[in-house]
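Per chain, numbering begins at 1; letters A, B, ... match sequence-line order.
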Amino acid sequence: MAAEKITSRSQDYSQWYLDIIHRAGLAENSDVRGCMVIKPNGYAIWEKMQRALDRLFKDTGHVNAYFPLFIPKNFFQKEEQMAEGFAKECAVVTHYRLRSRQGKIEVDPEAKLEEELIVRPTSETIIWNTFKNWIQSYRDLPLLLNQWANVVRWEMRTRLFLRTAEFLWQEGHTAHATQQEAEDETRQMVEVYRRFAEEWMAMPVLVGPKSEGQKFPGAVYTLCIEALMQDGRALQAGTSHFLGQNFAKAFDVTFQNDKGQREFAWATSWGVSTRLIGGLIMTHSDDQGLIVPPRLAPIHVAIVPIGKTDEERDQTVQAAERLAQALRDLPRESFFDYEPLIVRVDKDFQHMPGFRFAEWELKGVPVRVELGPKDLAQNACVLARRDMGKEGKQLGVPLTEAPARIVTMLKEIQSSLFAKARAFRDRSIHQANSYDEFKKKIEDGGFVMAHWDGTRETEDRIQEETKATIRCIPFDRVKEAGQCMVTGRSSEGRVAFARAY
RNA sequence: CGGGGUGUAGCGUAGUCUGGCCUAACGCGCCUGGUUUGGGACCAGGAGGUCGCCGGUUCGAAUCCGGCCGCCCCGACCA
């Protein structure tokens with residue numbers, strides 16, 4: 001059978017991306033324009049991400065809450081930058097009832113809302129409107145909240161996971177008594193995102209502020225983690241905003257300090273979304289299918305028993321079940337978020353072994369165990385690493401040693417995926433010392449570090465002429481005096497440009 | 001919303017220009033039976049379609065004409 005092949009990355013990267021999502025059963029486009037259905041295999045990855053992030057949030061003192069999906073229109077008018085920033089992509093609810101006319105359902109014109117409701121594109125307004133009632137004293141601060149939610153941004157063009165009209169995310173919203181504390185929080189949370197990206201997703205990121213032109217509407221400044229995909233395009237993977245007192249002033253959120261004076265509260269917000277799944281795919285996967293780093297893998301190990309006869313099958317299945325149980329019974333450790341290893345025994349004997357191997361590779365399961373009569377005869381099995389080809393198979397691994405070997409292997413895969421992605425990212429960072437050189441290098445993809453005069457005008461011009469944007473002004477950049485590649489004006493260091501998703 | 005394309009079985013397509021052996025074909029997938037099984041097996045049989053929708057032309061429409069709708073790509077916008 002000629003199995004449906006995945007388009008190779010070199011042939012058509014964007015088709016490859018869609019093929020992976022389809023064949024690994026992660027998501028599909030729904031009949032609702034711009035909205036995706038996240039299928040079980042995709043949602044399982046999101047659940048793993050949620051669990052890990054939620055722990056990191058709780059460990060830094062945050063608690064979860066939930067705010068309404070709908071936001072009264074007038075809330076948006078209170079914070080100008082935000083209203084302007086999101087105006088063009090809001091879904092608006094205008095009526096609250098349908099009626100049936102000659103067998104056809106229509107919106108009941110009698111049921112028009114007095115004030116339209118906006119489906120949240122982000123929740124700063126509704127949350128700060130609520131904070132007004134929660135904050136009176138400096139003793140009420142800080143308020144460290146997070147919510148897991150869906151939001152809607154009416155995008156014109158969508159791509160599965162990377163940009164959909166509705167997406168799932170978490171949004172942290174905090175209120176503080178001092179500017180310093182809020183800025184520390186902003187910085188702390190971008191660091192949490194960096195850790196998650198690098199230690200769980202095995203996805204290296206640049207960390208630092210966005211330029212004025214790229215910051216969040218309503219923010220004083222925006223910190224971000226910025227990743228690089230295999231095709232050389234950048235992906236904004238998470239943002240943490242210092243909102244100053246903008247929202248406190250818009251919603252009149254004040255408190256009395258310990259000297260009895262009234263002050264406006266200081267705000268932050270920060271979020272990551274299901275877009276991370278797109279980033280995960282485009283960081284690690286190959287032409288054979290999805291590759292998921294072990295710490296986020298919904299299934300860690302797939303065991304494939306092999307046999308021709310019923311007797312052989314019975315025996316290899318039994319051995320597979322025993323190994324699966326041994327793996328599940330291993331002591332839980334922090335590396336796997338104190339959860340048991342998830343192991344599947346593949347009893348699909350309808351298909352040939354090669355087909356079954358390929359299917360597990362397609363789904364990105366990090367470790368596959370092959371267990372046939374020949375292995376069983378010597379009480380052994382074969383271990384295969386998803387991130388390595390057929391050459392990486394380990395033959396004749398004694399069944400008694402297998403669980404320990406597999407745990408070691410999972411840890412190796414995690415660090416090896418990160419090392420590989422970081423090596424790729426590092427060799428994709430180039431420098432440009434003139435605008436001409438920049439234009440050439442930006443064509444090749446990757447980050448191009450260049451001097452920029454710090455103005456919005458120059459940034460806009462570069463974007464217009466090259467489609468590249470400033471992705472990040474990395475915290476760890478070298479301070480060096482230079483001249484803007486476009487205007488020749490002075491610059492205190494290079495910033496990271498790239499074409500982005 | 002501008003420019004370009006496209007709509008035929010669950011998916012991917014052929015057929016449309018030049019109307020008629022199209023009573024709609026092919027591949028994948030699906031169902032049944034059998035042979036297979038250490039890197040994507042094979043054989044046989046079978047199920048599945050208002051050819052996007054509405055109207056028109058014609059003896060006859062997937063095919064021609066008109067209108068509508070959906071989707072895709074390119075642009076403006078973007079976690």
Side-chain angles (χ1 to χ4, degrees), chain A residues 1-7 14-15 18-19 22-23 28-34 84-90 120-123 149-159 161-171 193 210 213-217 219 222 224-227 234-241 269-279 288-289 304-310 312-313 316 346 348-362 368-377 380-382 384 389-393 395-396 463-464 467 469 500-501:
Chain A
M1 178 193 78
E4 188 187 340
K5 287 284 180 204
I6 291 176
T7 306
S14 131
Q15 188 58 47
L18 294 173
D19 284 356
H22 175 232
R23 297 296 308 284
E28 61 191 34
N29 275 312
S30 71
D31 287 338
V32 185
R33 66 164 283 165
E84 204 177 309
F86 287 104
K88 280 171 279 182
E89 52 189 55
C90 284
R120 62 182 166 214
T122 180
S123 301
N150 57 339
V151 287
V152 169
R153 298 182 189 177
W154 211 261
E155 302 289 353
M156 298 303 279
R157 297 188 54 205
T158 59
R159 300 190 70 190
F161 291 119
L162 297 176
R163 177 165 301 109
T164 47
E166 178 192 17
F167 56 94
L168 305 184
W169 77 344
Q170 59 67 218
E171 46 182 327
Y193 288 157
K210 285 282 184 194
Q214 299 285 327
K215 76 174 187 187
F216 178 75
T222 291
C224 69
I225 55 169
E226 196 75 21
L235 183 76
Q236 177 170 310
T239 46
S240 180
H241 316 291
S269 70
W270 27 275
V272 295
S273 71
T274 37
R275 167 180 261 198
L276 288 177
I277 297 173
Q288 270 60 57
V304 185
I306 299 163
K308 291 192 184 79
T309 64
D310 282 350
E312 282 175 349
R313 291 176 184 182
T316 55
D346 172 3
D348 174 18
F349 290 103
Q350 300 310 305
H351 288 106
M352 306 189 75
F355 178 91
R356 297 156 75 198
F357 299 163
E359 281 298 306
W360 289 112
E361 284 169 4
L362 205 46
R368 184 180 69 249
V369 180
E370 301 169 10
L371 193 46
K374 291 179 216 162
D375 304 299
L376 211 50
C381 62
V382 176
K390 290 175 202 172
E391 315 77 51
K393 281 193 188 182
L395 307 177
Q463 174 166 13
E464 200 170 310
K467 298 202 187 298
T469 48
Y501 275 101

Find the distance between [atom1] ([X]) and [atom2] ([Y]) and round it off to the nearest 0.5 Å.
| X | Y | atom1 | atom2 | value |
| --- | --- | --- | --- | --- |
| A/Q236 | A/T222 | CD | OG1 | 8.0 Å |
| A/H241 | A/K215 | NE2 | NZ | 11.0 Å |
| A/I225 | A/L276 | CD1 | CG | 6.5 Å |

Please report the distance separating the [atom1] of [N] from the corresponding atom of [M], rounded so that it comes out in whole Å.
| N | M | atom1 | answer |
| --- | --- | --- | --- |
| B/C21 | B/U6 | C1' | 30 Å |
| B/G5 | B/U36 | C1' | 46 Å |
| B/A25 | B/G70 | P | 31 Å |
| B/U13 | B/C22 | P | 24 Å |
| B/A24 | B/U18 | P | 25 Å |
| B/C31 | B/G48 | P | 15 Å |
| B/A76 | B/U16 | P | 38 Å |
| B/C54 | B/G3 | C1' | 27 Å |

Heavy-atom distance under 4.5 Å between the side chains of A/P121 and A/V151, does that happen here? no

Heavy-atom check, side chain of A/F167 versus side chain of A/T158, under 4.5 Å: no

Among [options], which is the nearest nucleotide to the side chain of [X]?
| X | options | value |
| --- | --- | --- |
| A/R368 | B/G39, B/A79, B/G40 | B/G39 |
| A/E89 | B/C77, B/G38, B/A79 | B/C77 |
| A/R313 | B/C77, B/U37, B/G38 | B/U37 |
| A/K308 | B/G38, B/G40, B/U37 | B/U37 |

Which of these passes side-chain contact (heavy atoms from CB on, under 4.5 Å) with A/R356: A/E361, A/R368, A/E370, A/H351? A/H351

For [X] and [N], give me the distance from atom [atom1] to atom [atom2], rounded to whole Å.
| X | N | atom1 | atom2 | value |
| --- | --- | --- | --- | --- |
| A/D19 | B/C28 | CG | P | 18 Å |
| A/N150 | B/A79 | CG | P | 18 Å |
| A/E464 | B/C77 | CD | C1' | 14 Å |
| A/F355 | B/C28 | CZ | P | 13 Å |
| A/D346 | B/G40 | CG | C1' | 13 Å |
| A/E391 | B/G38 | CD | P | 19 Å |
| A/D348 | B/G38 | CG | P | 14 Å |
| A/I6 | B/C11 | CD1 | P | 20 Å |

Kindly indicate whether the side chain of A/K393 and the base of B/G38 share any N or O donor-acceptor pair separated by less than 3.5 Å? no

On the side chain of A/E361, is there an atom forming a donor-acceptor pair with the base of B/G39 - under 3.5 Å, no angle test? yes

Would you find more than 12 non-hydrogen atoms of other residues, nucleotides or ligands less than 6.0 Å from A/Q15 atom CD? yes

Non-neighbouring partners of A/E359 that pass salt bridge (Lys or Arg N to Asp or Glu O under 4.0 Å), sequence neighbours left out: A/R23, A/K363

Would you indicate what A/P121 reaches in the nucleic acid, counting non-hydrogen atoms under 4.0 angstrom: base, sugar-phosphate, or nothing? nothing

Pairwise N/O distances under 3.5 Å, protein to nucleotides 7-9 of chain B:
none

Tell me the stems RNA chain B sits in, counting at least three consecutive Watson-Crick or G-U wobble pairs, each under 3.5 Å on both distances. B:1-7 with B:69-75, B:10-13 with B:25-28, B:30-35 with B:41-46, B:52-56 with B:64-68

Which residue lies more 5' along RNA chain B, comparing A/Y501 with A/L371 via nearest heavy atoms: A/L371

